[in-house]
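Written out below as structure tokens is the structure these notes cover.
Excluded from the calculations below are hydrogen atoms, water molecules and symmetry mates; all remaining heavy atoms, backbone and side chain alike, are included.
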Amino acid sequence: MGSVKNPEALALLSRTRLFGGLPTADLEQLLPGIRSRRFNTQSYIFREGDSAHQLHLIVSGAVKICRVADSGSEVAFAILGPGDVFGEIGVLEENGTRSADAQALATTECLFIDRRVVVDFLKSHPAAMWRIVTTLSAYVRAKDDAFAELAFQDIPSRVARKLLDLAAAEGKSSGAPSTMKLSQRDLAGLVGGSRENVNRALRRFATLGFIKLDRGRVTLLRPDQLRSRAG
């Protein structure tokens with residue numbers, strides 16, 4: 001792991017959902033526990049069952065949070081990008097372990113914050129602790145919504161909704177065309193469907209002119225139509 005430049009680290013922290021808005025002087029308490037590391041495409045940042053002794057912040061690149069069954073099938077929980085923080089759940093547990101894999105989908109740089117430093121910081125900053133609680137509550141709500149989608153929506157509806165969600169997460173929710181790098185395997189994991197069924201839905205949307213497919217990239221051409229299909 002490498003060292004980080006203090007001004008850059010503070011700027012990144014101040015833009016995250018957990019630490020944004022806190023005084024710079026307060027965030028400096030985290031600096032002694034921060035290191036950086038770069039990961040190649042498809043390499044793992046951590047695996048399910050690993051010790052959870054660090055909080056992670058994405059500087060650049062993309063990270064997939066997923067679990068793989070013994071059969072080899074995969075369920076993806078999220079695809080994260082620059083500014084996203086992950087690993088909160090394990091860090092808050094004493095002797096916690098990772099409940100999923102975190103895999104780099106592109107060349108990715110992350111900041112690592114030592115668990116002891118994070119816990120000490122949260123104890124002395126109730127506002128940050130409350131944001132952790134809010135974040136975890138949103139995570140549980142998202143899980144409930146995901147289960148409801150599996151029960152009540154067909155594959156095309158789930159694909160349409162997930163494409164819109166991913167575009168919104170990247171700040172690409174406007175009416176203008178937006179392009180995302182997204183494999184069919186990853187999208188299938190995110191919507192809880194087979195790759196074949198997801199491919200069929202994507203091809204249908206492309207035929208209708210809702211999206212454009214090009215070598216692992218999806219361009220949203222008519223998000224309003226996707227929104228109608230998502231229900």
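F86 and Y44 sit in two unconnected hydrophobic clusters of ILVMFWY residues. Membership requires side-chain heavy atoms under 4.5 Å apart, directly or through other members. Both L208 and L220 are part of a single hydrophobic cluster, where members link through side-chain heavy atoms under 4.5 Å apart. V119 and L18 are members of different hydrophobic clusters when ILVMFWY side chains are connected at heavy-atom separations under 4.5 Å. By the criterion of side-chain heavy atoms lying less than 4.5 angstrom apart, applied directly or through intervening Ile, Leu, Val, Met, Phe, Trp or Tyr residues, I65 is not grouped with V68; the two fall into different hydrophobic clusters.
When only modelled atom types and interatomic distance are considered, S43 and N40 share no side-chain donor-acceptor pair under 3.5 Å. A donor and an acceptor atom, one from each side chain of R38 and T108, are nowhere located under 3.5 Å apart.
Salt bridge D165/R158: absent, no basic N to carboxylate O contact under 4.0 Å. Using a 4.0 Å cut-off between charged side-chain N and carboxylate O, E94 and R115 make a salt bridge.
Every residue two or more places apart in sequence or in another chain that forms a ring pair (Phe, Tyr, Trp, His ring centres under 6.0 Å) with H125 is listed here: F121.
Interatomic distance, CZ of R17 versus CD of E88, reported as 4.5 Å (0.5 Å rounding).
The aromatic rings of H56 and F112 sit perpendicular to each other, their planes meeting at more than 60°, with 30° as the lower class boundary.
Nearest heavy atom pair, residue T179 against residue T219, reads OG1-OG1, 2.7 Å.
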